[in-house]
Number of protein chains: 2
Amino acid sequence: MIDLDDTDRALLRALAEDATVSAGALGRRFGLSQPAAWRRIRRLEEAGVIVGRRVVVDREALGFGVTVFLGVKLATKGRVSLEDFERAVTAIPEVQVVQHVLGLFDYRLRVVARDIADFERVLRRRIMTLPGVGQVEANVLLTEEKRPGPLG
Amino acid sequence: MIDLDDTDRALLRALAEDATVSAGALGRRFGLSQPAAWRRIRRLEEAGVIVGRRVVVDREALGFGVTVFLGVKLATKGRVSLEDFERAVTAIPEVQVVQHVLGLFDYRLRVVARDIADFERVLRRRIMTLPGVGQVEANVLLTEEKRPGPLG
DNA sequence: CTTGAAAAGAACTGCCT
DNA sequence: AGGCAGTTCTTTTCAAG
């Protein structure tokens with residue numbers, strides 16, 4: 001649990017927004033030399049604050065225009081039920097995220113589909129047939145805004 | 001809505017997992033030369049399939065060990081209410097994601113906090129005081145698994 | 001921390017099959 | 001489409017202040 005100064009936070013915020021900028025460009029933006037900026041970034045990686053770099057894929061450009069969030073309550077609890085459910089749900093290609101949660105539901109899923117008809121197919125043939133599924137609640141995504149979040 | 005072949009999907013899957021690998025390394029992995037792999041990646045960028053590159057920040061390493069998903073139902077609807085709510089909620093630093101959704105709730109929020117006590121503070125002083133907030137439902141994140149999702 | 005420089009590697013270009 | 005060869009740029013490391 002390293003603590004960061006304002007410059008570290010600025011670098012982190014910039015890289016979380018766009019990781020294609022070079023260390024030299026970041027240094028110029030925040031008043032550091034290229035090696036200084038580079039050393040700070042490497043320090044953030046070594047400290048486990050930066051855990052990887054990913055490309056962001058636009059699902060709509062691939063024809064997946066529908067995103068639905070599902071809350072799933074299991075009818076049967078217990079260790080085996082959780083493991084069975086998790087194994088089965090991770091085998092569904094349309095499921096992007098599986099969150100084990102505490103509260104009214106046991107799992108939250110992020111599911112993508114080509115359109116609503118395609119989503120109904122996924123829901124009926126894939127989701128509702130999962131082992132131990134009880135109550136299911138759905139929310140269809142309209143717009144999504146991601147923000148940097150707190151950094152220390 | 002470009003359509004991809006198996007090689008494009010393999011490249012995309014690899015880059016969505018780890019964008020630090022070079023075009024040359026990807027080419028060797030999938031039986032392409034460095035320029036061939038690079039040209040395919042650039043084509044995916046130009047087609048709008050790859051929309052950016054980001055670093056992944058581990059919030060736990062920064063001391064934010066608690067993630068909570070909130071479903072929010074507005075008491076007062078209408079265009080102005082939505083805009084007021086969105087403007088106010090995006091000003092809360094602990095809110096990472098704001099999703100406008102259709103269903104039982106109107107918005108879904110991803111909120112991070114240092115611990116449960118800190119989350120209670122955010123909930124009472126920030127979330128419950130948002131303009132037009134009605135019913136609120138919470139799920140505390142235990143574990144999260146992200147999967148590649150469908151690519152075409 | 002800085003500047004400057006050097007070596008390694010990746011990105012990018014043009015030409016050819 | 002893909003490959004080869006070459007150029008340009010960044011990244012990465014080092015030395016010295």
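In what follows, chains carry the letters A, B, and so on, assigned in the order in which the sequence lines appear, proteins first and then strands, with residues in each chain numbered from 1. None of these values were measured; they are calculated from a predicted model.
Between the Arg54(B) side chain and the Glu17(A) main chain, a donor and an acceptor come within less than 3.5 Å of each other. Between the side chain of Arg110(A) and the backbone N or O of Thr67(A) there is no donor-acceptor pair closer than 3.5 Å. Side-chain N or O atoms of Ser81(B) include one that pairs as donor or acceptor with a backbone N or O of Thr76(B) at under 3.5 Å. A donor-acceptor distance shorter than 3.5 angstrom exists from the side chain of Asp106(B) to the backbone of Leu74(B), with no hydrogens or angles considered. No donor-acceptor distance shorter than 3.5 angstrom exists from the side chain of Arg59(B) to the backbone of Val112(B), with no hydrogens or angles considered.
The distance from atom CG of Asp18(B) to atom P of dA10(C) is 13 Å, rounded to the nearest whole Å. Note: CZ (Arg53(B)) to P (dA11(C)) measures 8 Å, nearest angstrom. Across the protein-nucleic acid pair, Arg43(B) atom CZ and dC12(C) atom P stand 17 Å apart, rounded to whole Å. Between Phe30(B) atom CZ and dG2(D) atom P the separation is 14 Å, expressed in whole Å.
Residue-level contact check: Gly31(A) touches the backbone only, with heavy atoms under 4.0 Å from sugar-phosphate atoms and none from bases.
Salt bridge annotation for Arg114(B)-Glu60(B): absent, with no cationic side-chain nitrogen under 4.0 angstrom from a carboxylate oxygen. We find that Arg121(B) and Glu94(B) are joined by a salt bridge, their nearest charged nitrogen and carboxylate oxygen being less than 4.0 Å apart.
Shown here are the side chain to side chain donor-acceptor pair (under 3.5 Å) partners of Arg42(B), two or more places apart in sequence or in another chain: there are none.
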Legend entry - Nucleic acid footprint by protein, nucleotides 4-17 of chain D - heavy-atom cut-off 4.0 Å, B for base, S for sugar-phosphate alone: BB----SSBB----

Inset, instruction - Report the secondary structure of DNA chain C in dot-bracket form, marking unpaired bases with a dot and bases paired to a different strand with |, and treating Watson-Crick or G-U pairs with both distances under 3.5 Å as paired. - result: ||||||.||||||||||

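With C1' as the reference atom, dA16(D) and dA8(C) are 22 Å apart, rounded to whole Å.
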